[in-house]
Amino acid sequence: MIKLYNTLSAKKEEFVPVQPGRVSIYACGVTVYDHSHLGHARGAVVFDLIRRYFIRKGFAVTYVRNFTDVDDKIINRAKQEGITAEAVAKKYIDAYNEDMGRLGVARADIEPKATEHIPEMVAVIKGLIEKGHAYTVDGDVYFRVASFSGYGKLSKRNIEDLKAGARVEVDERKDDPLDFALWKASKPGEPAWSSPWGPGRPGWHIECSAMSFKHLGETFDIHGGGKDLIFPHHENEIAQSEAFSGRPFVNYWLHNGFVNINQEKMSKSLGNFFTIREILDKYDGEIVRLFLLSTHYRSPIDFSDGNLKDGRAGLDRFYTMKEGIAEYLKGKSATTAQPDKVVESVDRPLYEKILKLPKAFEEAMDDDFNTAFAIGLIYDLVRDVNKFLAEAGQKGEDAAQIILRAAQTSFDDVGRTLGLFLREPGEWFEEGRRAESRVTLSLEKIEEYIHLRNEARAGKDWAEADRVRQLLDAAGVEVFDRPGGTVWKPK
RNA sequence: GGCGGCGUAGCCAAGUGGCUAAGGCAGAGGUCUGCAAAACCUUCAUCAUCGGUUCAAAUCCGAUCGCCGCCUCCA
């Protein structure tokens, strides 16, 4: 049973889908007028995870994530760059997909664009006018907030408070300052679509209603986005959708917390943001993904080099263990021995714990996607497996194999859902850390020095051996003398 | 001003009524190592403050202090 925190009820609730065995998820994507920053990455990673988890639990998932490709900012950017709005959108959609790919975020099942759903939006707006929930002024169409009694139920505001606290400049043409645009008449030179109200373009909120209606139906399971979308975006979506359809729009509203810098929200307007690609220049995508999942999705998460480095250290530890398992199993054909016959009683608790990892993982995830706890379970078991690995030589070979293969299977199983811990250790150490390594020697040179050092060691010339170690160290290469020979890793 | 959230070890971070307050990073001591590294072992918190409810509170209630978010485009 999955429990999730629903912003609408402000409580954790048991998840009950509209249709048994199916889940429909709509997550607000980005407005494509610039490169995405780490805050956008968090939302994308969180909902990617939620989707993976529902799939793991056997649901047939339909995941929709939109691109807002028509908006003032895109139009401004197009003017600046002297290209069309369409070209701006395409450029940043491509960049977004590339960035997300590096974070292990899978493409959504449906990725609708606002500009490809104009007729659907027009149809909804027409319906709202017919039902008395919207009105036209000079080619604009506004939603009449006062006509929808449930307004404020998501963001827990009442209309009077909103009026009292209004900081918006009042547009005299609107019947009420709270009314919001469904359709905007376009100015000359701006992108425009024909409509019953003249040439224009959609307001921001209507696209999500129209596109979710089309792809998921009038009532669907989960709608997600960042906390900053609760008001007004999602509140307005509810108003226009429910006013139109006369039925509940969304059963569960999920909102992720922000990425902060020095405890302040990372945002374009504050200018305190890092783009995803800037961060990926310095840190491997898996580190960033781990960082984003190491805090519960609803809590704020503070971005800092130290936090990213913790993530790297954790992955080093994990992959060192994975390498240890692989080394032990290397060249050994799989045993056919029965676990209950060969696993010694002292190793039973470990074996049980390994087998139970997926279940423990699910218990954590069932509780509103507690990835922080789930990752803790993994590291806890890493320690146990390392301990066993250190003594593996003294264990019966069949038993050691059974335990280590089971560990690998369990780690892979939960790793697939998290989208973490899935690489080969060699790949992690050589490729994964290249982004931040400072290796200044060629592979040949490194091998040469290692050979030199080992000759010195063979002759017990420790001073020379240490000299070579320091030389390599200065070049960003760290050497380790393992039982199987000397290996090196980027520092 | 309205609404909402947060404050757990040097740092990050779970835990929201009851077993020894997960896990990670960093630190200290140890085992191992030519020296290292890795790994393992040991060690490191009365949970912002005050008051209340309760047999029992980090966890519920109230107050105080501090921080943040939304109310305007924003993941």
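Throughout, a chain's letter reflects where its sequence line sits, starting with A, and its residues are numbered from 1.
Distance CD1 (A:Ile159) to P (B:rC71): 18 Å, rounded to an integer number of Å. Whole-Å rounding puts the A:Arg42 CZ to B:rA75 C1' distance at 10 Å. If you measure from atom CG of A:Asp179 to atom P of B:rU72, you get 14 Å, rounded to the nearest angstrom. Taking atom CZ of A:Phe429 as the reference point, atom P of B:rA37 lies 16 Å away to the nearest angstrom. In this structure, A:Trp488 atom CH2 and B:rA38 atom P are separated by 18 Å, rounded to whole Å. For the pair A:Asp316 CG and B:rA39 C1', the interatomic distance rounds to 14 Å; values are reported in whole Å. If you measure from atom NZ of A:Lys153 to atom C1' of B:rC3, you get 18 Å, rounded to the nearest angstrom. Straight-line distance from the NZ atom of A:Lys489 to the C1' atom of B:rA39: 11 Å, rounded to whole Å.
Residues satisfying the salt bridge (Lys or Arg N to Asp or Glu O under 4.0 Å) test with A:Asp466, not counting sequence neighbours, are none. The side-chain hydrogen bond (donor to acceptor under 3.5 Å, both in side chains) test applied to A:Asp384 returns A:Lys353, not counting sequence neighbours. With sequence neighbours excluded, the residues that form a side-chain contact (heavy atoms from CB on, under 4.5 Å) with A:Asp366 are A:Ile2, A:Tyr53, A:Lys57. In this structure A:Ser212 satisfies the side-chain hydrogen bond (donor to acceptor under 3.5 Å, both in side chains) test with no other residue, sequence neighbours excluded. Residues passing the salt bridge (Lys or Arg N to Asp or Glu O under 4.0 Å) test with A:Arg144 are A:Asp175, sequence neighbours excluded. With sequence neighbours left out, the side-chain hydrogen bond (donor to acceptor under 3.5 Å, both in side chains) criterion links A:Asn307 to A:Ser304. Partners of A:Thr275 according to the side-chain hydrogen bond (donor to acceptor under 3.5 Å, both in side chains) rule, which considers only residues two or more places apart in sequence or in another chain, are A:Glu278. With sequence neighbours left out, the salt bridge (Lys or Arg N to Asp or Glu O under 4.0 Å) criterion links A:Lys79 to no other residue.
Across the P atoms, B:rA58 and B:rG24 are found 24 Å apart, a figure rounded to whole Å. B:rC71 and B:rA13 have their P atoms separated by 24 Å, with the value rounded to a whole Å. Between B:rC6 and B:rG15, the two P atoms lie 11 Å apart (nearest whole Å). One P atom belongs to B:rC11, the other to B:rU46, and the distance between them is 14 Å to the nearest Å. Here, B:rA26 and B:rG62 have their P atoms 41 Å apart, quoted to the whole Å. Look at the P atom in both B:rG7 and B:rA14: the space between them is 9 Å, to the nearest Å. The gap from the P atom of B:rU8 to that of B:rC67 amounts to 14 Å, rounded to the nearest Å. Spacing of C1' atoms, B:rA9 relative to B:rC35, comes out at 33 Å, to the nearest Å.
A donor-acceptor contact under 3.5 Å links the side chain of A:Lys73 to the base of B:rC73.
Side-chain contact between A:Lys113 and A:Asn66 is absent, with no heavy-atom pair separated by less than 4.5 Å.
Using a 4.0 Å heavy-atom distance criterion, A:Met266 is classed as a base contact. Across all strands shown, A:Val46 has no heavy atoms under 4.0 Å from either base or sugar-phosphate atoms. Within 4.0 Å of A:Ile230, counting heavy atoms only, lies no atom of the nucleic acid at all. Nucleic acid contact for A:Ser304: none, since no nucleic acid atom lies under 4.0 Å from a heavy atom of the residue. Contact annotation for A:Asn256: base contact, defined as any heavy-atom pair under 4.0 Å involving a base atom. Residue-level contact check: A:Gly324 touches neither bases nor backbone, having no heavy atom under 4.0 Å from any strand.
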ask   = In the 5'-to-3' direction, what one-character label does each nucleotide of nucleotides 27-35 of chain B receive under the scheme B = base within less than 4.0 Å of a protein heavy atom, S = sugar-phosphate only, - = no such atom?
value = -------BB
request  = List the protein contact pattern of nucleotides 9-25 of chain B with one symbol per nucleotide (5' to 3'): B for base contact, S for sugar-phosphate-only contact, - for none; contact means a heavy-atom distance under 4.0 Å.
outcome  = ---SSSS------BSBS
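Distance alone, capped at 3.5 Å, places no donor-acceptor pair between the A:Arg298 side chain and the A:Gly257 backbone.
Nucleotide B:rG18 forms a pair with B:rC55, judged by Watson-Crick or G-U wobble geometry with both contacts under 3.5 Å. Across all strands shown, nothing is found opposite B:rC47 as a Watson-Crick or G-U wobble partner with both distances under 3.5 Å. When both pairing distances are held under 3.5 Å, B:rG1 makes a Watson-Crick or G-U pair with B:rC71. With a 3.5 Å ceiling on both atom-pair distances, B:rG34 lacks any Watson-Crick or G-U wobble partner. As the counterpart of B:rC65, B:rG7 is assigned, both hydrogen-bonding distances of the Watson-Crick or G-U wobble pattern falling under 3.5 Å.
Between the side chains of A:Arg77 and A:Tyr92, at least one donor-acceptor pair of N or O atoms lies under 3.5 Å. A:Ser36 and A:Asp99 form no side-chain donor-acceptor contact under 3.5 Å, judged by distance and modelled atom types alone.
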Identify each donor-acceptor pair in which a side-chain atom of residues 455-462 of chain A lies under 3.5 Å from a protein atom, sequence neighbours left out, and give them as a table.
{"unit_1": "A:Glu455", "atom_1": "OE2", "unit_2": "A:His451", "atom_2": "NE2", "d": "3.3"}
{"unit_1": "A:Arg457", "atom_1": "NH1", "unit_2": "A:Asn454", "atom_2": "OD1", "d": "2.9"}
{"unit_1": "A:Arg457", "atom_1": "NH1", "unit_2": "A:Asp481", "atom_2": "OD1", "d": "3.1"}
{"unit_1": "A:Arg457", "atom_1": "NH2", "unit_2": "A:Asp481", "atom_2": "OD2", "d": "3.4"}
{"unit_1": "A:Asp461", "atom_1": "OD1", "unit_2": "A:Glu464", "atom_2": "N", "d": "3.3"}

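Between A:Lys268 and A:Phe480, the residue anchored closer to the 5' end of RNA chain B is A:Phe480, taking for each the nucleotide with the nearest heavy atom. Mapping A:Asp384 and A:Val479 onto RNA chain B via the closest heavy atom, the residue that lands nearer the 5' end is A:Val479.
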Just the table, please: protein N/O against nucleotides 67-69 of chain B N/O, every pair under 3.5 Å.
{"unit_1": "B:rC67", "atom_1": "O2'", "unit_2": "A:Gln263", "atom_2": "OE1", "d": "3.3"}

ask   = What's the verdict on side-chain hydrogen bond (donor to acceptor under 3.5 Å, both in side chains) for A:Asp140 and A:Tyr142, showing C-alpha distance, side-chain angles and the deciding distance?
value = CA-CA 7 Å; A:Asp140 290 350; A:Tyr142 294 98; 2.9 Å; yes
